[in-house]
Asker: 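Please see the structure below; I have some questions.
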There are 2 protein chains.
Amino acid sequence: MKTPKISEAVVRRLPVYLRFLNELKANEVLTVSSQDLGQKLDLNPAQIRKDLAHFGEFGRKGIGYDVSYLIEKIRAILKLDRVMNVALVGAGNLGRALSNYNAYLKDNMKIVAIFDNVPSKVGETVNNLQVQPMSELASTVKNREIRIGIITVPAAEAQNVADSFAAAGIEAILNFAPVILKVPSHIRIHHADFTTDLLSLAYYIEEEEEHE
Amino acid sequence: MKTPKISEAVVRRLPVYLRFLNELKANEVLTVSSQDLGQKLDLNPAQIRKDLAHFGEFGRKGIGYDVSYLIEKIRAILKLDRVMNVALVGAGNLGRALSNYNAYLKDNMKIVAIFDNVPSKVGETVNNLQVQPMSELASTVKNREIRIGIITVPAAEAQNVADSFAAAGIEAILNFAPVILKVPSHIRIHHADFTTDLLSLAYYIEEEEEHE
DNA sequence: TAGATTGTTAATCGATTAACAATC
DNA sequence: TAGATTGTTAATCGATTAACAATC
């Protein structure tokens, strides 16, 4: 309906705005300008105004943005104003780290099931959830109305998990395994690949002898 | 010397190429075309050729790229052909997950020290390393010639850690805490913020009633 | 009113893609 | 030679930034 065609870059900045706005609210700041936001987030103020203007007129000329109001708006845009159940596959270190991250809770993203196909891990308790075998994935996804899946298994198994998610009717996937996964085009997939971030970091380190 | 000015987007794709090339090599594939690469990695072949051409002529017309040769070249570009010591601060779940990730080892990125300022964690062993108190950061960074720092502490403490890294002479930082950190301009910082990825995911999920 | 700041249009900048001569 | 594929130039596309009228 009101989806003109928003670029991915814009959508990815919204959570960043949201996070900082929440911080402002916690500090009882009532109003914020694109200037302020830009300074704190290292972004151009015009860009911030433009990003927000894609979705409506949220600010007031001469004044700025009402913090609480803007939070509400961004949450609605990102569909964080409703509960969104999440399944996680891979109860290793990273999986545990994520499930303990209760930060999502206040944004209504909730990990409600954890799966692993390593027998020794099945039945273990992670963050109050019993690790389930992969054989229960499809039924659990359906019963618990899970719409988002997180993959934290080793690279070699990631495609299989993605396939299982797809078969179970998952609508969006966040993949932490260092592989590019193929999924049906109706499924949204984001690659959260920090090995890429880390490996690209060294490029920017100065040589001993050289100056750039 | 041979630094014309490469865009960040290009540098971030290099580790992706590298990873897949390593996979090809493991499967004893000798040669690969930009066509093949593009298909596997969901990228435009012209883009891949252009990315690589920034750094030299690595391919052969009519044939493609020699897998082993290209691996060597990319590793050299990313400075992964030498050992790069890494310090990690924050021995929580995520910190542990990262230090167990031995994937870096073959790329010569090595976590050689782990720090935390929570007393109960100091002295614990994580992946064969004893967790050290923050008070030892500066001296350890110097003695062990650590050049890269990873931050896996809660958001509220991340800026402090970044400041300590800066004071200790760290040259690049990978930050997992969900905050934008301010560091001196000579320090390279990457934000590996998966909460952003996760929160932006819901945006793309279809409404029940709507079609896009 | 004077100062501040939005929403938006226009200008700029940069990145991606297409196309093709060169050549293996 | 014919087919394949690079390296690179030119064309396109899209995103960022500047500028400013509108207005609180």
Side-chain angles (χ1 to χ4, degrees), chain A residues 2-17 20-21 24 29-74 77 180 196 200 203, chain B residues 2-17 20-21 24 29-74 77 180 196 200 203:
Chain A
K2 43 145 60 180
T3 24
K5 192 167 292 183
I6 309 293
S7 100
E8 199 165 328
V10 173
V11 176
R12 272 168 186 275
R13 280 191 294 268
L14 295 180
V16 179
Y17 301 156
F20 182 60
L21 289 165
L24 287 177
V29 177
L30 297 178
T31 273
V32 69
S33 68
S34 60
Q35 190 69 228
D36 298 342
L37 281 168
Q39 185 140 17
K40 259 300 188 180
L41 303 176
D42 266 336
L43 293 171
N44 183 298
Q47 184 173 59
I48 295 174
R49 292 201 299 279
K50 199 155 201 244
D51 283 356
L52 297 173
H54 281 118
F55 304 98
E57 305 200 357
F58 302 145
R60 292 215 299 161
K61 290 176 178 143
I63 297 195
Y65 299 90
D66 180 279
V67 171
S68 294
Y69 180 70
L70 191 52
I71 287 173
E72 246 182 74
K73 286 302 182 182
I74 295 180
I77 294 163
I180 308 297
T196 293
S200 65
Y203 174 83
Chain B
K2 40 147 61 180
T3 24
K5 192 168 292 182
I6 310 293
S7 99
E8 199 165 328
V10 173
V11 177
R12 272 169 185 278
R13 280 191 293 268
L14 294 180
V16 179
Y17 302 156
F20 182 60
L21 289 164
L24 288 176
V29 177
L30 297 178
T31 272
V32 70
S33 69
S34 59
Q35 190 69 227
D36 298 342
L37 281 168
Q39 185 141 17
K40 258 303 188 178
L41 303 176
D42 266 337
L43 294 169
N44 182 299
Q47 183 173 61
I48 294 174
R49 293 200 299 280
K50 197 153 203 246
D51 283 355
L52 296 173
H54 280 119
F55 304 97
E57 305 200 358
F58 302 145
R60 291 216 299 161
K61 289 175 179 147
I63 298 197
Y65 299 90
D66 180 278
V67 172
S68 295
Y69 181 70
L70 191 52
I71 286 174
E72 247 182 75
K73 286 302 184 183
I74 295 180
I77 293 163
I180 308 297
T196 293
S200 65
Y203 174 82

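These numbers come from a predicted model, not from an experiment. Below, chains carry the letters A, B, ... as their sequence lines are ordered, and counting in each starts from 1.
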Asker: D:dT8 P sits how many Å from B:Phe58 CZ, rounded?
Answerer: 11 Å
Asker: Heavy-atom distance under 4.5 Å between the side chains of B:Phe58 and B:Ile74, does that happen here?
Answerer: no
Asker: Is D:dC20 paired to anything, Watson-Crick or G-U wobble with both distances less than 3.5 Å, and if yes, which nucleotide?
Answerer: C:dG7
Asker: May I ask you to test the B:Asp36-B:Leu24 pair for a side-chain heavy-atom distance under 4.5 Å?
Answerer: no
Asker: Between P on C:dG3 and CD on A:Gln35, what's the gap in Å once rounded to a whole number?
Answerer: 17 Å
Asker: What N/O pairs connect the protein and nucleotides 18-24 of chain D at under 3.5 Å? Give each pair on its own line.
Answerer:
residue: D:dA18; atom: OP2; partner: A:Asn44; partner atom: ND2; Å: 3.4
residue: D:dA19; atom: N6; partner: A:Arg49; partner atom: NH2; Å: 3.1
residue: D:dC24; atom: O4'; partner: A:Lys61; partner atom: O; Å: 3.2
residue: D:dC24; atom: O3'; partner: A:Arg60; partner atom: NH1; Å: 3.1

Asker: What integer distance in Å separates B:Asp66:CG from D:dT5:P?
Answerer: 15 Å
Asker: Flag the pair B:Ile180 / A:Phe20 as yes when at least one side-chain heavy-atom distance between them is below 4.5 Å, and no otherwise.
Answerer: no
Asker: Calculate the interatomic distance between A:Ile48 atom CD1 and D:dT16 atom P; express it in whole Å.
Answerer: 12 Å
Asker: Please examine the side chains of B:Tyr17 and B:Leu70, heavy atoms only from C-beta on, and report whether any two atoms are closer than 4.5 Å.
Answerer: no
Asker: From CD1 of A:Ile6 over to C1' of D:dG14, roughly how many Å is that when rounded to an integer?
Answerer: 14 Å
Asker: Select base, sugar-phosphate, or nothing to describe what A:Glu57 touches, counting heavy atoms under 4.0 Å on all strands.
Answerer: sugar-phosphate
Asker: Report the distance from atom CD of B:Gln47 to atom P of D:dA10, rounded to the nearest whole Å.
Answerer: 20 Å
Asker: On DNA chain D, does the nearest nucleotide to B:Asp36 precede the nearest nucleotide to B:Ala53 from the 5' side, or the other way round? Give the residue.
Answerer: B:Asp36
Asker: Could you give the CG-to-P distance, from B:Leu70 to D:dT5, as a whole number of Å?
Answerer: 15 Å
Asker: What I'd like to find out is whether the side chain of B:Tyr65 reaches to under 4.5 Å of the side chain of B:Leu52, using heavy atoms alone.
Answerer: yes
Asker: Does D:dC13 have a Watson-Crick or wobble partner in any strand here, with both distances under 3.5 angstrom, and which is it?
Answerer: C:dG14
Asker: At what distance, to the nearest 0.5 angstrom, does CG of B:Asn44 lie from NZ of B:Lys50?
Answerer: 11.0 Å
Asker: OP1, OP2 of D:dT5 versus side-chain N and O of B:Ser34: anything below 4.0 Å?
Answerer: no
Asker: In whole angstrom, what separates A:Leu52's CG from C:dT8's P?
Answerer: 12 Å
Asker: Any side-chain N or O of B:Tyr65 below 4.0 angstrom from OP1/OP2 of D:dA4?
Answerer: no
Asker: Mind checking the CG-CG spacing from B:Asp51 to B:Leu43? Nearest 0.5 Å is all I need.
Answerer: 8.0 Å
